[in-house]
Amino acid sequence: MHFSEMFIPTLRESPAEAEAVSHILMLRAGYVRQLAAGLYIYLPLAWKVMERITNIIREEMGKIGAQEMCLPALQPREVWQKTGRWDDIGEEMFRLQDRGSSDLCLGMTHEEIVTWLASMEIRSYRDLPQVWYQIQTKFRDEARPKSGVLRTREFIMKDSYSFDRDERGLEENYQKHSDAYHRIFSRCGLAFYRVESDPGMMGGATAHEFMAPSPAGEDVIALCKKCGYAANIELAESVPAPQPPLSDAETWTREDVSTPEKRTVDEVSGFLHVSTLYIIKSLLLISKDGPFLALVRGDQELHEKKLMKIVGDFRTAEKDEVKDILGVEPGFIGPHDNELKKIADISLKEGIYISGANKKDFHTKGLRPSLHFKAEWHDIHVAQEGEGCPRCGSEITLQKAIEIGNIFRLGTKYSVPFKALYLDKKGKEVPIVMGSYGIGPARIAAAVIEQSNDKDGIIWPLSIAPFDVEIIPLNIGDRTISQTAEQFYNALKKENMDVLIDDRDERPGVKFKDADLIGIPLQLIVGGKNLKDGIVEIKYRSTKAITKVLIQEAVKKLKEMKNQLESD
RNA sequence: CGGGGCGUAGCGCAGCCUGGUAGCGCGCCUGCUUUGGGAGCAGGAUGUCGGAGGUUCAAAUCCUCUCGCCCCGACCA
C-alpha cells in the first residue's frame, strides 16, 4: 500500500482519555477510534492486524479439526430460557424486542445456539465428535468498559464448541484446544500462562484461562516458578508462612485483656504490640443455613468466592444481628465460647492467638485453635505474593494479566436442558458432553502492544504486523529516491512481501516518527547520500539496528531478515 | 451501581475563582524556501465553550438539572 492513499491518521499527542499503553498507542498510531464507551472503530491498520491474528487462529483451529461456521448474533429469548441464563445473567445482556414484541438478545456467547443446533441435528454416536467454531461479534453491556479495546461492549471473539460422546472425548478435545491455544499465542508473539480459573457464568466443571502478563491486565494470577503451578487469584491456593514462635509465647495463658475501643486487627495489633500474625479476624456471616463465623489470620484477607464454594451464597451480618447473635458488638467477637458453625482458614490451624473476647472492650489472648474452638478448615484466604505454593511449597509470585483466551469443560450442563442427546452403540439415549473455548483477537493485539513497545511506539512481531516492511523514501521530491523506492516496492511485492511505502511529501523526521509509531518490523530507508554510493539501509523496528546494503542486494537481504524474524 | 475527575477548534490545553468582543501550541489550507529524527517564513480557515433551564443590562465564567467520557471500586466470557 501507498501511505498517501491509506487512511492512517497518526497523532502527535496522546488523547487525554487514554491511560493504558495499548490504548494510547492504538489511538496515536492511527489503528482505532472510539465511537462511544466500549465501542471502537478498527481502522485499516488495525483491521489488517486482526486479519493476521484470525488467520493464525483459523490455521490452528483447522489443525485440530474444527469447522468454521457463522451463528446469529440476534437470538430469541426461548433458547436462553432453556438454560435459565435469560434470567440469571441480568444487565450484562443486551435485550430488545422485534416488531411483534418478541424478546430477543444480542448474543454474548453462543453455547445456547450451538447446543440448540446439536439437539436438532445430532442423533447418533456416529455423528460425534464435532468441533464447531466461529469468529463473530459478541455483545455485552459491560458495567465499565475500559482500557481501549481490552474491555468493550461489542467485540469479536473466536468461540468454539466441542461435542463428544463422553468425558474421555471431551478430555481429548480440551487438550487439543489447549495445545492449539498455546500455538496460537506463541505464534502471535505473546508471553502468556495457562492458569486454572473459575468457570463463572459458563458453569461446568473446571476451566483454564490463558493470561498475558501486563500491568494493564484486570486479572491477577499466582505463579510458581519452580513447579509451574499457575492459577487465577479467584481460586489460587497458597500456604501462608507459619506464625513464628513468640519469644514469650509459651507464657501466654488464656486470659481476657482490656482493649478499649480497639476493634480492627490493626488497632488491636498496635495497642497490644503484637504482629497481625497472632490475631484472629472473625467475621459473622449469614448463609441460607443461618449465621456462621469465618475466621482468617490477621495478615490475611477473606476470599469470598472460595468461601462461597463451601457454604453457598452469604452476606455479612448487620451490626444489630451481631449483637443479637453474639451479645457483643462487631470488633470484639471471637470463635470461642459459642456454638456457631465456624469455617477457619488453614493459616490458623497452628499457633497461638488473640481474638475478640465476645465481650465489649476485651480481647482474649492465648487462644489455641482446636483446643479452644472447633472449626472446619479450608483455604479461604486471598493468596499473597511470597506465600508457599500449594503444590511444591516454594514461593509464589503474583502478576497482573490480560485474559486472552479461555477453555471450559462444560460437561452436560447445556446438553441436558436442551435434550441434546444421542443414541450410543447400545441404543441408549445419552447427553452430549460439551466443551467451550474462546479467544479474543483484539485482546491479543492489545496484549502484544502492552508487552512490546518502546517510547517511540509499537513493536509488532512479524506474524501479526500490519505489513512486513515499510519503505521510507526520505525525500520524494528527489526523483532518484522516489523511483528507487517504487522499484523496491514492486520488487518486494513480487517476493510476496506485504509492503507499505511512505510516499507522502513529508520531511524525513515525520516519516521516521510515524514509522516507529506504527511499528512495522522492518524499515527500508532510501536516502540521498547513501543512494549516491549505491546503498540503502534496512532497520529493525525492535532494536533499531541498521544494516547498510547495496541496492541490488537489498531485496535478498530483506527476505533473509524476514525469514529470520519468522523463525524467531 | 458507589466514589472521584473532566467536557472550550481535528489533537493537547489556557481562560472560569473575581461575569464584560473566545485564546495559545500543534495539526489543517495556500505560496515560497527546506529535506537523515515531528522544518522556516508569509498568508488563511475552523468554535451551538457538551445540552437544557435559570440569575443578570450582560454567562465559557454564577446556580439548577441533564447528557457524555475517563479513572478507582463493585460486577464481569
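Just the heavy atoms: all of them, side chains too, but no hydrogens, waters or symmetry mates, feed the values below. All values derive from a computational prediction rather than experimental measurement. A note on names: the letters A, B, ... follow the listed sequences, proteins ahead of strands, and every chain is numbered from 1.
With hydrogens and angles ignored, a donor-acceptor pair closer than 3.5 Å exists between the side chain of A:Glu13 and the base of B:rG25. For A:Arg504 against B:rG38, no side-chain N or O and base N or O form a donor-acceptor pair under 3.5 Å. In the interface, the side chain of A:Arg151 is paired with the base of B:rC76 through a donor and an acceptor atom under 3.5 Å apart. Interface remark: the A:Lys539 side chain does form a donor-acceptor pair with the B:rG37 base, using a distance-only criterion of under 3.5 Å.
Using a 4.0 Å heavy-atom criterion, one finds that A:Asp478 contacts no nucleic acid atom at all. Residue contacts shown for A:Phe139 are absent, as no nucleic acid heavy atom lies under 4.0 Å away. Residue A:Lys146 is classed as a sugar-phosphate contact, given heavy-atom separations below 4.0 Å to backbone atoms only. Residue A:Gly438 is classed as having no contact, given no heavy-atom separation below 4.0 Å to the nucleic acid. The residue A:Lys544 sits apart from the nucleic acid: no heavy atom pair falls under 4.0 Å. If you check every strand for non-hydrogen atoms under 4.0 Å, A:Arg33 touches nothing. Residue contacts shown for A:Asn530 include a base, since a base heavy atom lies under 4.0 Å away. Nucleic acid contact for A:Asn406: sugar-phosphate only, since backbone atoms but no base atoms lie under 4.0 Å from a heavy atom of the residue.
For B:rU21, there is no paired base (Watson-Crick or G-U wobble, both distances below 3.5 Å). Across all strands shown, B:rC29 is found opposite B:rG43 as a Watson-Crick or G-U wobble partner, with both distances under 3.5 Å. Base pairing annotation: B:rC69 forms a Watson-Crick or G-U wobble pair with B:rG5, both donor-acceptor distances under 3.5 Å. Nucleotide B:rG53: paired with B:rC63 (Watson-Crick or G-U wobble, both distances less than 3.5 Å). B:rU34 is unpaired under the Watson-Crick or G-U wobble criterion, no partner having all donor-acceptor distances under 3.5 Å. Base pairing of B:rU48: no nucleotide in any strand meets the Watson-Crick or G-U wobble criterion (both distances under 3.5 Å).
Taking a 6.0 Å sphere around CH2 of A:Trp116, one finds it holds 12 or fewer heavy atoms contributed by other residues, nucleotides or ligands. The neighbour count for A:Lys544 NZ, taken as heavy atoms of other residues, nucleotides or ligands under 6.0 Å away, is above 12.
The aromatic rings of A:His182 and A:Phe210 lie perpendicular to each other, with more than 60° between the two planes, well past the 30° mark. Between A:Phe94 and A:Phe139, the ring planes are perpendicular. Angles over 60° get that label, and only those under 30° would be called parallel. Using cut-offs of 30° and 60° for the angle between ring planes, the A:His177 and A:Tyr437 rings count as parallel. Between A:Trp460 and A:Tyr31, the ring planes lie tilted relative to each other; the angle falls in the 30° to 60° range.
You'll find that the side chain of A:Asp514 is closest to B:rG38, out of B:rC75, B:rG38, B:rA39. The listed nucleotides are B:rG38, B:rA77, B:rU35; the one nearest the side chain of A:Pro508 is B:rU35. Closest to the side chain of A:Val510, from the set B:rC71, B:rG37, B:rA39, is B:rA39. Candidate nucleotides B:rG37, B:rU35, B:rC75 were compared by shortest atom distance to the side chain of A:Arg507, and B:rU35 ranks first.
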Show me the protein contacts with nucleotides 41-46 of chain B, counting only N or O atoms at under 3.5 Å.
none

Tabulate atom names and distances for all N/O pairs under 3.5 angstrom spanning the protein and nucleotides 27-32 of chain B.
from   : atom 1 : to      : atom 2 : distance (Å)
B:rG27 : OP1    : A:Arg12 : NH2    : 3.4

Pick out the pairs of N or O atoms, protein on one side and nucleotides 67-69 of chain B on the other, that lie under 3.5 Å.
from   : atom 1 : to      : atom 2 : distance (Å)
B:rC69 : OP1    : A:Ala37 : N      : 2.8

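Cation-pi geometry between A:Arg95 and A:Trp80 is not satisfied (NZ or CZ under 6.0 Å from the ring centre, within 45° of the ring normal).
Closest-nucleotide positions on RNA chain B for A:Arg144 and A:Gln523 were compared, and the one nearer the 5' end corresponds to A:Gln523.
Here the side chain of A:Glu450 pairs a donor or acceptor atom with the backbone of A:Ser22 at under 3.5 angstrom. Judged by distance alone, with hydrogens and angles left aside, the side-chain atoms of A:Ser119 form no donor-acceptor pair with the main-chain N or O of A:Ala420 at under 3.5 Å. The backbone N or O of A:His381 sits less than 3.5 Å from a side-chain atom of A:Asp345, completing a donor-acceptor pair.
Looking at A:Glu111 and A:Arg85, a side-chain N of the basic residue comes within less than 4.0 Å of a carboxylate O on the acidic one, giving a salt bridge. A salt bridge is absent between A:Lys306 and A:Glu234; no separation between the charged side-chain nitrogens and carboxylate oxygens falls under 4.0 Å.
Comparing the P positions of B:rC11 and B:rC69 gives a spacing of 15 Å, expressed to the nearest Å. The separation of B:rU46 from B:rG10, taken at their C1' atoms, amounts to 9 Å, rounded to a whole angstrom. Here, B:rC62 and B:rA77 have their C1' atoms 48 Å apart, quoted to the whole Å. With C1' as the reference atom, B:rG73 and B:rA14 are 33 Å apart, rounded to whole Å.
The CD atom of A:Glu142 sits 15 Å away from the P atom of B:rG73 (whole-angstrom rounding).
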